[in-house]
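Step one of this worksheet: look at the structure below.
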Amino acid sequence: MSKLTERKNIMILCFSILLLIFFSVSHAQDYPKGTVQLVVPFAPGGAVDIFWRTIIDLLSKNLNGTIAILNKPGGGGVVGTSFVLNSKPDGYTIGGGPTDVLIFAPLFTPNIHFDVISDLTYIAKLAFWPQIVIVRADSPFKTLQDLISFAKANPKKLKAGTPGPGTAPHMALHLLNNDARIEIVPVIFGGAGEIMPQLLGGHLDLAFMAPSPAKSQFKAGKIRILAFFSRKRHPVYPDIPTSVEMGLKNTIITGAIGLVGPKGLPFSIVKKWEEASEKTINDSNIISALQKFDYVVDFKRGDEFKKEVMNEITFFRNFVEKTGLKSETK
């Protein structure tokens, strides 16, 4: 190849890159022209749906467009996530689900047909909530240490309510069992709504769930929260200790809510969503509104969000293999 030909090829490449940048910037300036679908991979009225409906108006304003929530439940969030990653990467279909789907679906969903790392564009993490362990108010267990001491002396005697395998509360139970070297027996239900009556009725000794479904019973004095499975205390419950404070350094599990898009989503559109999300989630009125549902604001940009999910996937894959938990769910 002559030097002249080589120079022409370099000039053509540079020109092509400039065109891509030009059209990307131009597209971002016009975006969004129409309504953006925010896909929530669960039914209306759940914790994830409530989160987005709490912030949707301000988020639309900050994005300078119109966002409409599209609920696509099924497969523990897999159906909605599949819909997002199979959509055109033009910024008009964005996913707004919990990281449970991204972290646990690859471990527990047979023949999952997508890769949650390579097939999605990570936009931003907005908030999280730690898992909790609860007992009835009349339970003899006043602290998590009381419960652990009893469980060590009485293997497999305690029964704990959790949602199904592959959910954060179910994993919380197994993390505690492994970390504290105890054997609490999981009793599987469809969700917190089914678990709470069984706990209050005395059919369960304890339960694992997110804080929001337990809040009304906690306020009514009918249950006791023994611990949050997190590193830091929850700002809404400053008097309740964390698992880490009690020496359980590996019993940490939080559910997070974030934004993802199809693979190949233009950086300019990702940037717009990042900026709109950060401005929205740090609004004082939004923070106060979300605290009512026990969410903790924790904004992270796309790259950091993706790295966090990758680290969680690695940790739980190793944990599942080590404990044989996957074979238990087949």
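Residues take their numbers from the sequence shown, with the count starting at 1. All values below come from the heavy atoms of this structure, side chains included, with hydrogens, waters and symmetry mates left out.
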Requested in this report: Check the pair Ile148, Leu176 against side chain to side chain contact (heavy atoms under 4.5 Å, CB included), reporting the backbone distance first and the verdict last.
Outcome: CA-CA 9 Å; Ile148 290 172; Leu176 178 62; 4.2 Å; yes

Requested in this report: Apply ring-ring contact (aromatic ring centres under 6.0 Å, His included) to the pair Phe293 and Phe51, showing each step before the final yes or no.
Outcome: CA-CA 8 Å; Phe293 300 105; Phe51 174 88; 9.4 Å; no

Requested in this report: May I have the step-by-step check of side chain to side chain contact (heavy atoms under 4.5 Å, CB included) for Leu102 and Leu120, ending in yes or no?
Outcome: CA-CA 10 Å; Leu102 306 176; Leu120 290 169; 3.8 Å; yes

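In this structure, Lys215 places its NZ atom where more than 12 heavy-atom neighbours from other residues, nucleotides or ligands lie under 6.0 Å away. The local environment of NZ in Lys142 is crowded, with over 12 non-hydrogen atoms from other residues, nucleotides or ligands closer than 6.0 Å. With a 6.0 Å radius and a threshold of 12 heavy atoms from other residues, nucleotides or ligands, Met246 has its CE atom above the threshold.
There is no side-chain donor-acceptor pair under 3.5 Å between Asn178 and Thr323.
In summary, Lys249 and Asp179 do not engage in a salt bridge, as defined by a charged side-chain N under 4.0 Å from a carboxylate O.
Looking at every heavy atom in both residues, Pro41 comes nearest to Gly97 through CD-CA, 3.8 Å. Heavy atoms only, all atoms of each residue included: Arg136 and Gly202 are closest at NH1-CA, 3.5 Å. Nearest heavy atoms, Pro130 versus Phe229: CB-O, 4.2 Å. Between Asn282 and Ile287, the closest heavy-atom pair is O-CD1, 3.8 Å. Ile56 approaches Ile67 most closely through the heavy-atom pair CD1-CG2, 3.4 Å. The minimum heavy-atom distance between Ile253 and Ala172, with the atom names listed, is CG2-CB, 3.7 Å.
Grouped with Leu200 in one hydrophobic cluster are Ile132, Ile134, Val187, Phe189, Ile195, Met196, Leu199, Leu204, Met209, Phe218, Ile223, Ile225, Phe228, Val236, Tyr237, Ile240, the linkage being side-chain heavy-atom contacts under 4.5 Å among Ile, Leu, Val, Met, Phe, Trp and Tyr residues.
The backbone N or O of Lys33 lies less than 3.5 Å from a partner atom in the side chain of Tyr92, making a donor-acceptor pair.
Grouping the Ile, Leu, Val, Met, Phe, Trp and Tyr side chains by contacts below 4.5 angstrom, directly or via other members, places Phe108 with Phe315.
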